[in-house]
Amino acid sequence: MSNNEFDNVGSAVGTAVPAKKEGWEREVLEKLAFASLREQRARRRWGIFFKLAFLGVIGFAFWLGMNYEGSDTQTVGAHTALVKINGAIESEGNGSAGVVVPALDNAFAADDSVGVILRINSPGGSPVQAGIINDEIARLRKEYPNKPLYVVVDEMCASGGYYIAAAADKIYVNKASIVGSIGVLMDGFGFTGLMDKVGVERRLLTAGDNKGFLDPFSPMSATQKGYAQTMLAEIHQQFIDVVRKGRGARLKETPETFSGLFWSGSKAIEMGLADGYGTVDSVARDVLKQEDIVDYTKSEGLPERVLKKFGVAMGAGVVQSLVNSVKPSLR
C-alpha cells in the first residue's frame with residue numbers, strides 16, 4: 001500500500017472517531033452536580049409541601065375540636081332529652097357546672113323535648129359545683145313545670161352526685177348502684193413528723209395568725225382544727241337541707257341517713273333516697289312515653305382530649321394539691 005493510501009485511511013479514521021475534547025471530565029462532573037442539586041431542590045420542595053399539608057390537617061382538626069360542642073341536637077319530632085354527668089364534680093371537666101348547666105338549659109328549652117333524663121355516674125366532688133347545678137335544676141323545673149326531670153343512676157351517685165340528684169322529680173337506680181354518702185370531708189397531708197426526723201426546717205412567714213392554716217408542712221393547732229370542723233358542719237347542714245327539701249316526705253330518716261354512709265340501690269329505695277329501678281331507656285319508654293332519645297351533653301373538644309391524653313401540667317397539679325390549702329369535698 002502506498003503512502004498516499006495510508007494517508008487516505010488515516011483521514012477516514014480521523015473523520016469517523018473524532019479526538020476527545022479537552023476538559024470533558026469537568027463538563028460531566030458539572031452536569032452530575034447540577035442534576036444532584038435539582039434533585040435535592042425537588043425533594044426539599046416536596047418535603048415542605050408535605051409538612052405544610054400535615055400541619056394544615058392538624059390545624060383543621062384542632063379547629064373542629066374547639067368548635068365542636070357536642071352532638072347535634074336539631075331533631076324533628078318529640079323526644080326525650082338526655083344529659084350525662086360522668087366522673088367527679090369539679091370546676092373543670094365534664095362534671096363542672098360550666099358544662100352541665102348549659103346542657104340542661106338546652107334540653108329544657110328544646111320545643112320538642114317532653115322531659116329530661118339526667119344520667120349520673122359520679123363519686124362526688126365540689127360542693128360549689130354541685131350546688132350550682134342543683135339550683136339550676138330547681139330553676140328550670142319552675143320555668144318548665146310541664147317538663148319533668150328524672151335522674152337515672154348508673155354505677156354510682158354518691159355525695160356531690162347525690163347533692164345534684166336530690167333536685168330531680170324522681171331518682172331511678174339499679175339494685176346494685178351505690179347511692180348516698182351524704183357528708184363532707186376535707187383531706188390533706190401533714191409532713192411535720194417526717195421533717196423533724198430528716199432535719200428539715202419549714203420557714204413560713206405570714207401576716208395574720210391563721211394565714212398558714214392547713215399548710216401541710218406546719219403543725220395544726222386545736223383552734224384551727226375546730227374552725228375547720230365548724231365549716232365542714234355548716235356545709236354538711238346545707239347538704240342535709242337540700243336532700244330534705246328534694247326528697248320531702250319520701251325520705252325515711254334514720255341516725256345513719258346523713259352520717260356519710262352509702263348504700264346499694266335497693267336499700268336506697270327502702271330509705272326513700274331513690275324511687276325505683278330504671279335505666280335511661282326504660283324511663284324514656286315507660287315513664288316519659290317517648291323512646292326517641294337525644295343527647296344534649298356537651299362533649300370535650302379535641303384540644304382538651306389531647307391535653308388530658310398527654311397529661312399536660314399533671315406534675316404542677318399534684319404539687320399544687322399538696323402545697324395549697326385543701327378544700328371541702330362531697331365525696
Side-chain angles (χ1 to χ4, degrees), residues 83 85 88-89 95 97 100 104 115-142 145 148-187 225-279 282-283 287 327-331:
V83 176
I85 298 177
I89 314 297
V100 177
L104 289 172
V116 180
I117 293 177
L118 179 59
R119 195 187 81 179
I120 299 178
N121 181 25
S122 174
S126 165
V128 174
Q129 299 298 310
I132 293 172
I133 298 172
N134 180 287
D135 291 343
E136 183 65 10
I137 292 174
R139 185 191 72 81
L140 290 169
R141 287 181 60 192
K142 290 181 180 179
L149 181 139
Y150 301 127
V151 163
V152 171
V153 177
D154 198 346
E155 299 286 339
M156 181 181 297
C157 183
S159 208
Y162 192 78
Y163 194 114
I164 294 171
D169 289 279
K170 289 186 178 181
I171 301 174
Y172 294 92
V173 298
N174 181 278
K175 59 181 179 292
S177 298
I178 300 299
V179 181
S181 187
I182 304 172
V184 189
L185 62 81
M186 178 183 290
D187 57 352
K225 184 177 180 180
Y227 178 85
Q229 287 293 153
T230 300
M231 183 174 63
L232 292 177
E234 179 184 356
I235 298 174
H236 189 206
Q237 188 59 51
Q238 295 170 3
F239 195 172
I240 293 171
D241 293 342
V242 163
V243 174
R244 284 174 174 166
K245 179 181 178 180
R247 300 303 296 167
R250 293 171 291 181
L251 185 64
K252 301 175 179 65
E253 287 191 34
T254 70
E256 295 180 336
T257 301
F258 305 121
S259 68
L261 287 176
F262 48 85
W263 300 272
S264 67
S266 57
K267 184 64 175 178
I269 294 174
E270 292 180 18
M271 299 175 64
L273 294 171
D275 299 285
Y277 300 123
T279 63
S282 69
V283 172
V287 182
K327 299 179 292 185
S329 179
L330 302 179
R331 58 181 172 82

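Only a predicted model underlies this, so the values are computations on that prediction, with no experimental measurement involved.
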Any non-hydrogen side-chain atom of [X] less than 4.5 Å from a side-chain atom of [Y]?
| X | Y | answer |
| --- | --- | --- |
| I85 | N121 | no |
| Q237 | I240 | yes |
| I117 | V287 | no |
| L118 | I137 | yes |
| F262 | V179 | no |
| R244 | L251 | yes |
| F239 | S159 | yes |
| R139 | D135 | no |

Exercise answer: donor-acceptor pairs, residues 149-156 side-chain atoms, under 3.5 Å, sequence neighbours excluded:
none

Say whether, by atom type as modelled, one donor and one acceptor occur between the side chain of [X] and the main chain of [Y] under 3.5 angstrom.
| X | Y | answer |
| --- | --- | --- |
| S282 | G278 | no |
| D275 | I171 | yes |
| H236 | S259 | no |
| Q129 | A97 | yes |
| R141 | A167 | yes |
| Y163 | A158 | no |

Find the distance between [atom1] ([X]) and [atom2] ([Y]) and round it off to the nearest 0.5 Å.
| X | Y | atom1 | atom2 | answer |
| --- | --- | --- | --- | --- |
| L273 | Y162 | CG | OH | 4.0 Å |
| E136 | I133 | CD | CD1 | 9.5 Å |
| K142 | L140 | NZ | CG | 11.5 Å |
| I178 | S122 | CD1 | OG | 13.5 Å |
| S126 | I132 | OG | CD1 | 7.5 Å |

Which atom of [X] lies closest to which atom of [Y], heavy atoms considered:
| X | Y | answer |
| --- | --- | --- |
| G161 | I89 | N-CG1, 4.3 Å |
| K175 | S264 | O-CB, 3.6 Å |
| V100 | G95 | CG2-C, 4.2 Å |

I'd like to know whether E270 forms a salt bridge (Lys or Arg N to Asp or Glu O under 4.0 Å) with K252, so could you lay out the CA-CA distance, the side-chain angles of the two residues, the decisive distance to 0.1 Å, and finally the verdict. CA-CA 8 Å; E270 292 180 18; K252 301 175 179 65; over 6 Å; no

